[in-house]
Amino acid sequence: MESAFNLGWIDYLIMLVYFAFVIGIGWALKKYMKNAVDFLEAGRSLPAWVTGLAFISANLGALEVIGMAASGAKYGMATVHFYWIGAIPAMVFLAIFMMPFYYGSKARSVPEYLKLRFDEKTRGFNAFSFAIMTVLSSGISMYAMALLAQTLLPFHFEFGPFSEFDFYLVFAAVIVLVYTYLGGLTSAIYNEVLQFFLIVIGFSPLVILGLVRIGGWEGLKEQLEVVSLAHGFEKDAFISTWKYAGSPEANPLGVEWFGVIMGLGFVLSFGYWCTNFLVVQRAMAAGSMAAARKTPLIGAIPKMLLPVLVIVPGMIAIALSYMPESGFTLPTKEGSDVLNYDMAIPVMLKTYFPTGVLGLGVTALLASFMSGMAGNVSAFNTVFTYDIYQSYIRPDKPDRHYFRVGQLTTVFGVLVSILAAYVAKMFNNVMDFLQLIFAFINAPLFATFLLGMFWKRATGHGAFYALIGGTLGAAVHHGLTAPAGADSMVKGGWLVGGIDHVLKIYPSEMAQNFWTAIYAFGICLVLTIIISLSTKQLKTEGQLKGLVYSLTPKYREEGLAWYRKPEFLAIIVLAIALVFSILFW
Amino acid sequence: MGLDIKIPIGFMFSLLGLLLTVHGIISASNEALYARSMGININLWTGCFMLAIGIILLIFSRLKIFKKRLEENIKKETAD
């Protein structure tokens with residue numbers, strides 16, 4: 001199938017305008033970059049609506065957009081679990097309970113919080129794993145972008161050993177480098193806000209046209225019944241969220257309610273939204289404690305509505321594929337008859353967008369790739385400069401020195417990302433393997449923060465060794481189990497020599513992931529408690545002030561009316577999420 | 001931060017909105033082009049909507065400047 005877009009001059013013009021503004025924003029910000037705090041922490045001066053939109057946008061990279069549409073096509077409505085149960089409660093928890101410690105302590109990054117609260121080795125473990133992981137994500141994002149551009153854009157050329165693939169990759173890297181180098185974290189955050197607006201305006205017409213084509217929401221529901229039955233489920237399984245969560249076999253996700261709530265809603269979601277510096281950094285860039293606490297809450301409101309833009313297109317795509325008269329089909333993966341769900345968004349764009357909005361849709365996609373890279377690079381910058389360079393390589397230098405290092409780290413980060421992109425291109429398995437390792441490292445992390453913030457007895461040794469234990473626990477669980485139909489050891493069963501000998505076969509990969517996380521969290525929680533109780537607390541109560549709940553004076557927003565307090569906003573957010581969950585039960 | 005993000009996004013959306021609107025008007029009679037969007041002139045609609053967002057953002061950015069100036073003036077007056 002010929003998959004390249006039919007782009008006209010106006011489409012290229014739109015992309016050009018976007019590139020011009022992105023560089024322009026970086027350029028305009030350059031004169032405000034005077035020291036390391038400006039460059040690496042956005043001067044801690046941004047309004048809450050900006051950090052709030054950046055907070056969710058940092059997670060809305062193109063891989064997320066394409067992946068969520070793919071899940072929408074593969075699992076239907078249940079994909080919203082990743083939004084309503086899998087993000088909102090964690091974002092509210094971060095805002096209300098954790099932000100006071102992140103923002104109120106003198107920590108400039110999440111790893112630095114771990115140093116203040118626990119010790120150097122816990123920080124080091126977190127800083128190094130986070131730094132490597134962000135550069136890797138940035139590289140994977142770059143690789144995916146170049147690959148998609150190669151498929152969708154009509155240019156094909158070769159220049160010695162290089163082709164258009166290399167050109168796209170380097171071009172995107174250079175743009176990201178220029179604007180992040182010029183404006184630092186502020187530039188990255190501003191471009192995330194821009195990207196948010198672009199995604200909304202670029203994808204809304206896609207949803208509208210798709211719904212028009214299929215006969216509105218009712219038409220979509222009707223057509224998805226056909227899809228559900230064809231997959232062997234009850235006819236409303238693809239348009240239900242919780243209705244069939246009673247048993248893993250009855251719903252397309254292959255996970256039961258406990259796995260969804262504990263694995264996704266609690267361990268994975270809290271682990272990501274509350275401890276991942278990529279998103280937490282956005283809130284820490286806010287201008288005041290009140291703004292920092294409102295950041296995740298303001299982000300939560302559009303976050304709840306995003307499924308309309310990123311999941312519904314996937315649902316429409318699969319529904320149309322089962323409607324012969326629509327003439328729309330998802331392509332199959334090369335050399336097999338499995339549908340390539342990742343193509344849902346690109347094929348929808350190609351089928352329903354005339355030139356003009358097509359350029360806008362491509363630009364929105366491009367913007368989310370680039371801001372995904374820039375987000376990772378800016379988080380990498382801060383952690384590398386403060387937690388690695390300043391801590392282990394050159395401490396006690398003047399601020400100007402670290403400002404310069406921050407800038408140079410941008411170049412370094414982008415170069416390593418390019419390298420990672422080529423590793424991903426040449427050895428796909430290596431990337432799968434590395435991502436798996438990082439999933440193991442991340443899984444237990446929330447237990448450490450939870451105990452660190454709410455139990456003053458938790459010690460540095462407890463935190464560090466339990467983190468290692470939790471990571472190993474995740475690896476062992478993964479090595480002893482496998483998802484149904486696993487075809488390689490990367491999917492599980494590597495400890496016992498393959499799927500035939502595993503202790504448990506999960507109905508889906510997702511179920512296995514959720515349970516790996518649950519075990520890792522549990523092991524880390526128990527180990528932290530046991531080791532902490534058997535080791536000495538080396539931090540004095542004075543040192544832990546502002547870092548632990550019971551030793552921190554309760555933070556109050558002075559002079560804010562009750563309806564402007566974060567607590568009130570939090571209740572509203574949770575209420576809306578609950579109403580949505582019931583409406584789309 | 002000294003730069004108000006509403007300004008660049010406002011300008012960019014106004015510009016792209018205008019571009020799409022004009023493109024939508026010029027190409028309105030091109031049935032072949034809009035066959036894929038089921039006869040809907042999606043360029044015109046999206047363009048108008050985008051232009052509106054751009055203008056609203058720009059107005060908001062101006063409003064804020066007004067507010068700031070007002071606050072600064074008040075501060076100066078009370079200081080005097």
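Numbered from 1 within each chain, the chains take letters A, B, ... in sequence-line order.
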Might you confirm whether atom CZ of B:Phe49 has over 12 heavy atoms from other residues, nucleotides or ligands at distances under 6.0 Å? no

Using atom types as modelled and distance alone, determine if a side-chain donor or acceptor of B:His23 lies under 3.5 Å from a backbone N or O of A:Val357. no

Quick one: does A:Ile14's side chain get under 4.5 Å of B:Leu20's, heavy atoms only? yes

Interatomic spacing from CG in A:Leu198 to CZ in B:Phe13 - rounded to 0.5 Å: 4.5 Å

Quick one: CD1 on B:Ile5 to CD on A:Glu192, what's the gap to the nearest 0.5 Å? 10.5 Å

Should A:Trp49 and B:Lys6 count as side-chain neighbours, where that means a heavy-atom distance under 4.5 Å? yes

Under 3.5 Å, side chain of B:Arg36 to main-chain N/O of A:Lys350, donor-acceptor pair present? yes

How about A:Pro354 and B:Tyr34: do any of their side-chain heavy atoms sit closer than 4.5 Å? yes

Selection from A:Thr363, A:Leu360, A:Leu358, A:Val200 maximising heavy-atom pairs under 4.5 Å formed with chain B: A:Leu360

Rounded at 0.5 Å granularity, tell me how far OG1 in B:Thr46 sits from CD1 in A:Ile201. 6.5 Å

For the residue pair B:Leu16 and A:Phe21, establish whether any side-chain heavy-atom pair is separated by less than 4.5 Å. no

B:Met38 portion near chain A, given a 4.5 angstrom heavy-atom threshold: side chain

Checking B:Ile42 against chain A: side chain, backbone, both or neither under 4.5 Å from a heavy atom? both

Interface moiety of A:Val193 toward chain B, non-hydrogen atoms closer than 4.5 Å: both

Check whether any side-chain N or O of A:Tyr190 sits under 3.5 Å from a backbone N or O of B:Pro8 as a donor-acceptor pair, and report yes or no. no

Is it the backbone or the side chain of B:Leu19 that comes under 4.5 Å from a heavy atom of chain A, or both, or neither? both

To the closest 0.5 Å, what do you measure between OG (B:Ser27) and CD1 (A:Ile10)? 8.0 Å

Looking at A:Ile25, A:Leu194, A:Val22, which hits side-chain contact (heavy atoms from CB on, under 4.5 Å) with B:Met12? A:Leu194

Chain B contact via A:Thr355 - side chain, backbone, both or neither, heavy atoms under 4.5 Å: both

Need one label for B:Phe11: side chain, backbone, both or neither, based on atoms under 4.5 Å from any heavy atom in chain A. both

What part of A:Tyr18 lies closer than 4.5 angstrom to a heavy atom of chain B: side chain, backbone, both or neither? both

